[in-house]
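In what follows, a single structure is set out as structure tokens and then discussed.
Here the structure is a predicted model, which is why all the values come from computation and not from measurement. We name chains A, B, ... by the order of the sequence lines, and we start the count at 1 in each one.
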Amino acid sequence: MKTPLMLFEKDAVAVARELLGKIIVHGGCSGMIVETEAYTDDSASHAHKRTPRSEAMYSTYGRWYVYFTYGMHYCMNITTNGDHSPGAVLIRALEPVAGIEVMKERRKTDNVLNLMSGPGKLCKALDADKRFNGESVHGVMHIIEGKTFSDGEVVMAPRIGILKARELLWRFYVKDSTFVSKRL
DNA sequence: TGAATGATCACG
DNA sequence: GTGATCATTCAT
């Protein structure tokens, strides 16, 4: 069942929490979201300034925002905030669901725990890159309903790799998951 | 702990 | 144009 577009119209922080448990599908490969981070127009966000790159975070919601970083990795986000303020949720880790053999080949590893446990890793595993930037989350790569986690099963923490705005607990992950990128 | 590796942005 | 930075990953 498709995740309703309505969900992404909300603020990035609310969306980040609600995305846990949903499933991202591309071709025969898929994974369940176990870790996310919210970005708005705070000082640590690409959307702190409105530029060609961050335009995707300003313009629409319910679309993929995929960017290339460190000269070798992609990171995938879903744009949020239907109120025309900027927002997106970074997908930081997935629990592999389907197409595991194909993903092992793409990632050059046999360790399932290491397949999708990081934003760059999961893009490599799903073969996600810039060609999806700006596309609908109901397109070739899409998101569907999966599990639901109670608040007691979810941990809130500072965003990883972010020095500014450390007081914002905008990282969400499934407490018991062994597939998250990093535990606190 | 540091190298890899190139797009993006600010500045002039 | 040039230089700094980077929502990372992997090997050392």
Side-chain angles (χ1 to χ4, degrees), chain A residues 8 11-20 22 24 29 31 33-61 63-81 85-96 103-135 137 141 143 154-174 177-184:
Chain A
F8 307 107
D11 181 77
V13 180
V15 178
R17 165 65 181 86
E18 292 185 40
L19 277 176
L20 295 176
K22 304 200 184 303
I24 295 176
C29 298
I33 300 173
V34 293
E35 180 180 350
T36 60
E37 284 178 2
Y39 288 86
T40 61
D41 60 355
D42 65 283
S43 62
S45 172
H46 291 169
H48 187 229
K49 284 251 166 173
R50 190 166 188 160
T51 65
R53 180 177 64 173
S54 67
E55 183 60 28
M57 290 177 67
Y58 280 84
S59 48
T60 60
Y61 61 94
R63 293 182 176 269
W64 299 112
Y65 165 41
V66 185
Y67 66 88
F68 187 61
T69 190
Y70 287 103
M72 56 184 93
H73 301 295
Y74 288 97
C75 290
M76 90 166 61
N77 300 246
I78 295 176
T79 61
T80 61
N81 293 69
S85 64
V89 174
L90 171 68
I91 309 301
R92 280 199 59 91
L94 302 177
E95 175 178 329
M103 298 196 291
K104 281 180 176 176
E105 176 59 30
R106 286 186 185 138
R107 288 272 300 115
K108 308 295 182 200
T109 179
D110 281 329
N111 182 0
V112 178
L113 291 176
N114 193 33
L115 267 192
M116 311 177 92
S117 53
K121 297 177 188 178
L122 66 92
C123 283
K124 185 76 175 175
L126 286 178
D127 188 29
D129 59 28
K130 285 210 81 77
R131 68 189 188 278
F132 296 109
N133 190 45
E135 295 289 307
V137 292
M141 183 164 70
I143 181 164
V154 174
V155 177
M156 297 173 61
R159 294 170 294 183
I160 294 204
I162 298 293
L163 299 177
K164 296 174 181 173
R166 290 281 297 175
E167 73 281 6
L168 300 176
L169 303 182
W170 285 1
R171 172 181 177 230
F172 298 84
Y173 65 90
V174 176
S177 177
T178 53
F179 297 95
V180 300
S181 68
K182 203 177 177 203
R183 234 163 285 278
L184 209 59

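- Between A/L122 and A/G71, the residue anchored closer to the 5' end of DNA chain C is A/G71, taking for each the nucleotide with the nearest heavy atom.
- As a whole-Å value, the separation of A/K164 NZ from C/dA7 P is 10 Å.
- For A/S54 and A/T69, each mapped to the nucleotide of DNA chain B holding its nearest heavy atom, the one lying further toward the 5' end belongs to A/T69.
- A/Y58 contributes a side-chain N or O that, together with a main-chain N or O of A/A47, makes up a donor-acceptor pair within less than 3.5 Å.
- Counting heavy-atom neighbours within 6.0 Å of A/K124 NZ, excluding the residue itself, gives a total of 12 or less.
- Regarding A/K182, its NZ atom lies at a distance of 14 Å from the C1' atom of C/dA7, rounded to whole Å.
- Base engagement by A/M57 is indicated by at least one non-hydrogen atom pair under 4.0 Å involving a base atom.
- Annotation: side chain of A/W64 is not in contact with side chain of A/N77 (no heavy-atom distance under 4.5 Å).
- One N or O on the side chain of A/E35 and one on the backbone of A/S181 form a donor-acceptor pair closer than 3.5 Å.
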Below 3.5 Å between N/O atoms, which protein atoms pair up with nucleotides 10-12 of chain C? Just atom names and distances, please.
from, atom 1, to, atom 2, distance (Å)
C/dC10, OP1, A/R107, NH1, 2.8
C/dC10, OP1, A/R107, NH2, 3.2

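- Considering all non-hydrogen atoms of both residues, A/R106 and A/A125 come closest at NH1-O, 2.7 Å.
- Using a cutoff of 4.0 Å between basic side-chain nitrogens and carboxylate oxygens, A/R63 and A/E135 are not scored as salt-bridged.
- On the nucleic acid side, DNA chain B has its first and last nucleotide under 4.0 Å of a heavy atom of chain A at B/dA4 to B/dA10, going 5' to 3'.
- Among the atoms of the strands shown, only primed sugar atoms or phosphate atoms (P, OP1, OP2) are found under 4.0 Å from some heavy atom of A/R53.
- Side-chain atoms of A/R159 come within 3.5 Å of backbone atoms of A/A38 as a donor-acceptor pair (strictly under, hydrogens ignored).
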*Dot-bracket pairing map - DNA chain B, Watson-Crick plus G-U, both contacts under 3.5 Å, | cross-strand*: ||||.||||||.
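- Rounded to whole Å, atom C1' of C/dA7 lies 17 Å from atom CG of A/L169.
- For the pair A/L168 CG and C/dA7 C1', the interatomic distance rounds to 14 Å; values are reported in whole Å.
- Within the 4.0 Å cut-off from OP1 or OP2 of C/dA7, not a single side-chain nitrogen or oxygen of A/R171 is found.
- Closest-nucleotide positions on DNA chain B for A/K130 and A/H73 were compared, and the one nearer the 5' end corresponds to A/H73.
- Between the A/E95 side chain and the A/V34 main chain, no donor and acceptor come within less than 3.5 Å of each other.
- For the pair A/Y70 OH and C/dT8 P, the interatomic distance rounds to 6 Å; values are reported in whole Å.
- Proximity of A/N81 to A/D11: side-chain heavy atoms (C-beta onward) are separated by under 4.5 Å at one or more points.
- At whole-Å resolution of the value, CE in A/M116 and C1' in C/dT9 are 16 Å apart.
- Side-chain atoms of A/K130 come within 3.5 Å of backbone atoms of A/V66 as a donor-acceptor pair (strictly under, hydrogens ignored).
- Looking at A/S45, its side chain never comes within 3.5 Å of a backbone N or O of A/Y39 through a donor-acceptor pair.
- Nucleotide C/dT5 holds its C1' atom 12 Å from the CG atom of A/L163, rounded to whole Å.
- Tested against A/Y74 for a ring pair (Phe, Tyr, Trp, His ring centres under 6.0 Å), the candidates A/Y67, A/F68, A/F132 yield a single pass: A/F68.
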